[in-house]
Engineer: 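Quick one: the structure is below, questions incoming.
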Amino acid sequence: MSDPPRITDRDFFTGDAARLARGLLGRVLVRRLETGETLAGVIVETEAYLGARDAASHAFGNRRTARTEPMFAQPGTAYVYFTYGMHHCMNVVCGQLGVPAAVLIRALRPIAGIERMRCNRFHDRGGAGARDANLCSGPAKLCAALNIDKRFSGVDLVVSDELWLAELADGWSPKPAAIASGPRIGVEYAGEWAAKPLRFWVSGDANVSRPRAPRPRGKVDAGDSDQKPV
DNA sequence: ATGACGATTTACT
DNA sequence: GTAAATCGTCATA
């Protein structure tokens, strides 16, 4: 098997964050280690961060610091941040140069280098939680699995030989009806912006970090919050 | 210099 | 369901 075809068109990354958040579903995040080993996974969950007007965004109000600087770079740049004293999360910058929009990669379906991912996630510990669906089912989990940290913040995903995006070899991507959406995770501080449906996932995929929106007690389970009826 | 907090994960009750 | 882990980042002084 050859590598899946790399995305080299910067226009793919340019423009609206919600559009790219949907467009990244079904694309492949590829990490090439210095050993030559390839780690890869299909993106199955994303969140859009709209930038200056989005109270949940690190760049809210155009807050521009050493950390957020890559968000203001050209589309296709990686923005990786460190949080909770122990975790890294990765974004794909979109918008346009100077406009800090980005898409958080929240979950992958592992397709290459799975044994190495297990090592990166669980190190010497026993493999108790090391089933495939637990390797990359969260924004910090996938960064640990693919060994992505702050060194990659500011890297150009269009040209990097260590981290990039690709199409699946067979060209598969989810049909619009297979994409569910709901409120973003962990942004309760963002007021009215917390409720906006800017989280997107492949409906029913086992690798999604939170399979469904919280079910209202006593109500009928409607499944994925935005899923179209069959 | 200091203090509060976090786009999370894990373990435990 | 709740709580701990753990430290870079940012605002304030």
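Just so we're on the same page: letters track the sequence lines, and every chain starts at 1.
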Engineer: Over how many whole Å does the gap from A:Arg63 atom CZ to B:dA7 atom C1' extend?
Structural biologist: 12 Å

Engineer: Which of these passes side-chain contact (heavy atoms from CB on, under 4.5 Å) with A:Arg31: A:Thr38, A:Leu146, A:Leu142, A:Asn120?
Structural biologist: A:Leu146

Engineer: Between B:dT8 atom P and A:Glu45 atom CD, what is the distance in whole Å?
Structural biologist: 10 Å

Engineer: Name the pairing partner of B:dC5, where a pair is Watson-Crick or G-U wobble with both distances under 3.5 Å, or state none.
Structural biologist: C:dG8

Engineer: Whole angstroms only, please: what is the OH-P distance between A:Tyr49 and B:dG6?
Structural biologist: 13 Å

Engineer: Which distance, rounded to the nearest 0.5 Å, do you find between the SG of A:Cys136 and the CD1 of A:Ile114?
Structural biologist: 8.5 Å

Engineer: For a quick check of understanding: with a heavy-atom distance under 4.0 Å over all strands, which category does A:Arg67 fall into, base, sugar-phosphate or nothing?
Structural biologist: sugar-phosphate

Engineer: Is a side-chain N or O of A:Arg184 found less than 3.5 angstrom from the main chain of A:Ala56, in a donor-acceptor match?
Structural biologist: no

Engineer: When you check the phosphate oxygens OP1 and OP2 of B:dT8, does a side-chain N or O of A:Arg106 lie under 4.0 Å from one of them?
Structural biologist: yes

Engineer: Do the side-chain N or O atoms of A:His58 get closer than 4.0 angstrom to the phosphate oxygens (OP1, OP2) of B:dA7?
Structural biologist: yes

Engineer: Toward the 5' end of DNA chain C, which comes first, A:His87 or A:Thr65, by nearest nucleotide?
Structural biologist: A:His87

Engineer: For B:dA7, is there a stacking contact with A:Tyr81, counting only centres under 5.5 Å and planes under 30°?
Structural biologist: no

Engineer: Within the 4.0 Å heavy-atom criterion, would you say A:Ala140 contacts the bases, only the backbone, or no part of the nucleic acid?
Structural biologist: sugar-phosphate

Engineer: Using Watson-Crick or G-U wobble geometry with both distances below 3.5 Å, tell me the partner of B:dT10, or none.
Structural biologist: C:dA3

Engineer: What closest approach, in Å, do A:Ala102 and A:Met71 show between heavy atoms, and which atom pair accounts for it?
Structural biologist: CB-CE, 3.8 Å

Engineer: Rounded to whole Å, how long is the line connecting atom OH of A:Tyr189 with atom P of C:dT9?
Structural biologist: 16 Å

Engineer: Would you kindly give the CG-to-C1' distance between A:Leu104 and B:dG6, to the nearest whole Å?
Structural biologist: 14 Å

Engineer: How would you label the contact of A:Phe82 with the nucleic acid (heavy atoms, under 4.0 Å): base, sugar-phosphate, or nothing?
Structural biologist: sugar-phosphate

Engineer: Atom CZ of A:Phe122 to atom P of B:dT9: distance rounded to whole Å?
Structural biologist: 12 Å

Engineer: So if I take every side-chain heavy atom of A:Met86 and compare against C:dT6, B:dA7, B:dT9, which nucleotide ends up nearest?
Structural biologist: C:dT6

Engineer: Between C1' on B:dA11 and NZ on A:Lys141, what's the gap in Å once rounded to a whole number?
Structural biologist: 13 Å

Engineer: Mind calculating the distance between CZ (A:Arg184) and P (B:dG6) to the nearest angstrom?
Structural biologist: 15 Å

Engineer: On a heavy-atom basis, which atom in A:Ala18 and which in A:Leu198 lie closest, and how many Å separate them?
Structural biologist: CB-CD2, 4.3 Å

